[in-house]
Q: 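Input: one structure, supplied below.
Naming: A, B, ... by sequence-line order, numbering from 1 per chain. Predicted model only: the values in this text are computed from it and were never measured.
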Amino acid sequence: MEQLRIIPVAATNFATQVDILIWAFTILSIFFLGLVSAILIVFSIVYRKGAKVNRVIKSPDNTLLELTWTILPTFLALGFFCWSAYLFFDFKRMPEGAMEIQVIGKQWMWKTQHPNGRREVNTLHVPKGQPVRLIMTSQDVIHSFFIPAFRAKMDVLPGKYTQMWFEPNKVGSYRLYCAEYCGTEHSLMGGWVHVMEPEDYERWLTEGNVRTAAASTPEAAGERLFAAKGCVTCHAGTSGARGPDLAGAFGTRSTLQDGTEVLVDEDYIRESILYPQAKLVQGFAPLMPTFKSQLREEEIMNLISYIKSLSDMEG
Amino acid sequence: MASITHPGVGGTPAATESKSHYLNAQTSVASWLFTIDHKRIGIMYLASLTVFFIVGGLFAAAIRLELATPTATFFDADVYNKLFTMHGIVMIFFFLIPSIPAVLGNFLVPLMIGARDLAFPKLNLLSYYIYAIAGVFGVTAILLGGVDTGWTFYTPYSTAYSNSWVFLAALAAFTAGFSSILTGLNFIVTIHKMRAPGLTWFRLPLFIWAHYATSLIMILGTPVIAITMFLLMLERLFGVGVFDPRLGGDPVLYQHLFWFYSHPAVYIMILPGMGVISEVITCFSRKRIFGYEFIAFSSMAIAILGFLVWGHHMFVSSQSMYAGLVFSVLTFLVAIPSAVKVFNWSATLYKGRISFETPMLYVYGFIGLFTIGGLTGLFLGASGADIHFHDTYFVVAHFHYVMVGGMVMAFLCGIHFWWPKMTGRMYNEISGKIAMLLVFLGFNATFFPQFIAGYLGMPRRYWEYAEELHLWNLASSLGAGLLGLGFGLVIVTMLASLFFGKAAGPNPYGAKGLEWTIQSPPTTHNFHEIPVVTEEAYNYDATIEEEEHSGSHA
């Protein structure tokens, strides 16, 4: 029976919404295809060579007809555009208060890290009924994180963070794929997403490879790095510091040397760690060295988590 | 469409044909290699394209063979990745993009406008040789071991990670582009400057309008792919950082540049096919085309709007959400002119006198398959749905419906329709019709299941796939066998006609158009005297009951 399935499992509300759009589209397509086919078949039979029918035409062209079949489909198309754009917005705008999971793609595996520091490879456990936001980057080429059951997909790029979110509403195991061709084992780069009851997820989080809880959350790991790499000397907000105070900075706008403003988000912090002089905050000298070859992607993500947590405390 | 004062008018007995024509006027090898006759160059393109089509088809056969089972059977992952890459590169750059313009366009543009050749015959020959050199680069890349980047050459995989012949393959695509540019330039100048007296813009066959629109895309879009491939080669060879983030580049920039050309390239492939359909459907329904201006302007609308939709390939690439919305709405709008064409073709049949020769069967095939291809394109242009469909087999099915179901059907339609003009021979109708049915059925059996596999979430470019997708893939692989059989029969039918075909006569279908007013095959200089055109295109009269067409008795 599984072989005869034509509709994939839908395990999020978003997936159901997308399916409704797709099937509405399908019905419309069948209607148009049927209409065109019917016209072709009927005309071809009625006006076949040898048939005795009246072939005299009064006016060869018909502007009214042309306008009808130009304008009507245009409105239909615009209607469907709005519908699909609404869903697109829904997917692209991250919900408030979602649980954050870090995802790193590399040839040919997915590495994930949960808020309490638990790590996984090629699997992802998530709780049911809670929005989950993935913050993703790649260590090498472009990958794409794809969960068909959630109708959710987002490219994962080197040198940049991308995000996606979903809120599973059905417990179960669903396939996880890499959808962007990435080399030899592209088709093997995937695994399973396990949606669990929230209690089961909480229990699961504390099992396995978590080292003594708090010490290994991304924030805690980031805090250690913040001290170990010396960030703390310039960015701790002490008076006369040589770098901007990072407490409360995340999510705000900073003014740069040239007077333009930049949103302090994951990408900006990442860029500033790797290319400190690219977008220098006003009032500071270009003194910071690059940490380009000193930090792994996981470590940069942890640093960002720490810097974010400084803002959470403020807010 | 014209009042004609020289021999070879439709219905003239074949006996009046002169014995000399463009094929036998000179027969040495050199007379072919250095020919500047647009018809011979068209034939050279046809021969080369057919070879590439067979090579690309064999790659496709290997792909479907591997995918008949979910796990690895015949090829390892690297070989498989090279197979689909080379299938794409060969089919797109060496078959689809040049197909109708370089073969039928070259052959017919001068004939249809009453000219003795294209405006720049030597440039035309040069364009063939550039294509041939590009082909040599491509074939060399294949023989040395192939490429594994996918035909899209996405960075930074292509510039920094692939261990295959990326440079040569990119060079092949880069070089082939110049051939397109020269062809486009030649057509534009020819159509502007060399129309016969009386052949005003709105008396032009729609095939010419379609080629004019195509040529605009060729000369405006192709330089961009040349630049892109050049930058890619620079980065790969010398480490100049443009696309690789480790060198300070942006991989998404590559996608923008690539699709800025490669989306309009889809219209390079489909517009000439639409031109063919307009010619053939009028002939076999004995009707003036319905809505001439609407079809002509829809070609131009497609050519222009086609440049503004490239970002619909990048909804989940990290491109801005607002950019995505703009690309999405424009994608919906570019569908309208295509729909207008389909409606106009359908309406052309009204009160026609319809007969069902092989080319007409291809018209039905084209309209049906292209409609499916176009409508499923809207599923992908719908940003919210594309999040799911992007990079799945749904996309693969969609573009094969447009490229093969649309373009290849139109190409075969045109080849059958003008074959008597090109070769002076009729092919066997029965075998032609059987081949068409095999292609049509085989095509649907191959690609329809892929829509379902894609909707179920099967990503494209997968060497192994989930067990639960086996049925749809097996169906697709079996269908591919049927499709291959169909294509094989087409080739056999056409080749056989050269040896056993009846002489065609100047106008076997009783078609309108200047190309049918001259002998088949035409003389080297096409027209003894330049015709004067006094009528609109497709001046058919369905109310007249005709005798059998001259060719049917010849």
Q: Counting only heavy atoms closer than 4.5 Å, note whether B/Phe370 contacts chain A via side chain, backbone, both or neither.
A: neither
Q: Do A/Met154 and B/Ser318 have side-chain heavy atoms sitting under 4.5 Å apart?
A: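 A/Met154 reaches B/Ser318 side chain to side chain.
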Q: Side chain, backbone, both or neither: which part of A/Leu78 has a heavy atom under 4.5 Å from chain B?
A: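 Only the side chain of A/Leu78 comes within 4.5 Å of chain B.
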Q: Side chain from CB out, backbone as N, CA, C, O: work out which of these in B/Tyr161 comes under 4.5 Å of a heavy atom of chain A, or both, or neither.
A: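 B/Tyr161 touches chain A through side-chain heavy atoms alone.
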Q: Side chain, backbone, both or neither: which part of B/Ala542 has a heavy atom under 4.5 Å from chain A?
A: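 Contact with chain A is through both the backbone and side chain of B/Ala542.
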Q: Ignoring hydrogens and geometry beyond distance, is a side-chain donor-acceptor pair present between B/Asp78 and A/Thr184 at under 3.5 Å?
A: yes
Q: What are the two closest heavy atoms between B/Val316 and A/Lys153, and how far apart are they?
A: CG1-O, 3.4 Å
Q: Only pairs of heavy atoms separated by less than 4.5 Å count here; which of A/Ala179, A/Ala85, A/Ser44 has the most with chain B?
A: A/Ser44
Q: Examine whether an atom of B/Ser162 lies under 4.5 Å from a heavy atom of chain A, and if so say whether it belongs to the side chain, the backbone or both; otherwise answer neither.
A: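 No part of it gets close to chain A.
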Q: Any chance the rings of A/Phe146 and B/His388 have centres within less than 6.0 Å?
A: yes
Q: Ring centres of A/Phe88 and B/Phe315 under 6.0 Å apart?
A: yes
Q: Given that the side chain runs from C-beta out, which part of B/Asn344 has a heavy atom under 4.5 Å from chain A: side chain, backbone, both or neither?
A: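 When you check distances to chain A, atoms from both the backbone and side chain of B/Asn344 fall under 4.5 Å.
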Q: Answer yes or no: is there an ion pair linking A/Arg55 with B/Glu545, defined by an N-O contact shorter than 4.0 Å?
A: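 Salt bridge flag = no for B/Glu545 with A/Arg55.
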Q: Hey, would you say the A/Tyr47 and B/Tyr350 ring centroids sit under 6.0 Å apart?
A: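 Between B/Tyr350 and A/Tyr47, which both carry aromatic rings, the centre distance is below 6.0 Å.
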Q: Is it the backbone or the side chain of B/Ile387 that comes under 4.5 Å from a heavy atom of chain A, or both, or neither?
A: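 Interface part for B/Ile387: both.
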Q: Side chain, backbone, both or neither: which part of B/Phe243 has an atom under 4.5 Å from a heavy atom of chain A?
A: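 For B/Phe243, no heavy atom lies under 4.5 Å from chain A.
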Q: Give, as side chain, backbone, both or neither, the part of B/Ser285 having an atom under 4.5 angstrom from any heavy atom of chain A.
A: neither
Q: So for A/Cys182, is it side chain, backbone, both, or neither that comes closer than 4.5 Å to the heavy atoms of chain B?
A: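 The backbone, not the side chain.
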Q: Does any heavy atom of chain A fall under 4.5 Å from the side chain of B/Thr392, the backbone, both, or neither of them?
A: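 When you check distances to chain A, only side chain atoms of B/Thr392 fall under 4.5 Å.
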Q: So, applying ring pair (Phe, Tyr, Trp, His ring centres under 6.0 Å) with A/Tyr181, which one of B/Tyr157, B/Tyr462, B/Trp151 is it?
A: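 It is B/Tyr157; the other options fail the test.
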Q: Where does B/Phe451 contact chain A at under 4.5 Å (heavy atoms): side chain, backbone, both or neither?
A: neither
Q: For A/Tyr275, is it the side chain, the backbone, both, or neither that has a heavy atom closer than 4.5 Å to a heavy atom of chain B?
A: side chain
Q: I want to check something: taking the side chain as every heavy atom from C-beta on, are A/Ile22 and B/Tyr455 in contact at a cut-off of under 4.5 Å?
A: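 Yes - at least one pair of side-chain heavy atoms lies under 4.5 Å apart.
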Q: I'd like to verify something: which residue of A/Phe14, A/Trp23, A/Tyr86 has the highest number of heavy-atom pairs under 4.5 Å with chain B?
A: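 Sorted descending by pairs with chain B, the first entry is A/Trp23.
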Q: Can you tell which part of B/Val342 gets under 4.5 Å to a heavy atom of chain A, answering side chain, backbone, both or neither?
A: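 Answer is side chain: those atoms of B/Val342 sit under 4.5 Å from chain A.
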Q: Within a 6.0 Å radius of atom CZ on A/Phe31, are there more than 12 heavy atoms belonging to other residues, nucleotides or ligands?
A: no
Q: Below 4.5 Å from any heavy atom of chain A, which atoms of B/Ala466 appear? Answer side chain, backbone, both or neither.
A: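 Contact with chain A: backbone and side chain both.
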Q: Taking all non-hydrogen atoms of both residues into account, name the closest pair between B/Arg460 and A/His186 and its distance.
A: O-NE2, 3.5 Å
Q: Considering non-hydrogen atoms only, spot the tightest contact between A/Leu87 and B/Gly384 and give its length.
A: CB-CA, 4.1 Å
Q: Heavy-atom cut-off 4.5 Å, strictly under: side chain, backbone, both or neither for B/Leu456 against chain A?
A: both
Q: Non-hydrogen atoms of chain B under 4.5 Å away: do they reach the side chain of A/Ile39, the backbone, both or neither?
A: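 Only the side chain of A/Ile39 comes within 4.5 Å of chain B.
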Q: Let me know if B/Arg288 has heavy atoms under 4.5 Å from chain A in its side chain, its backbone, both or neither.
A: side chain
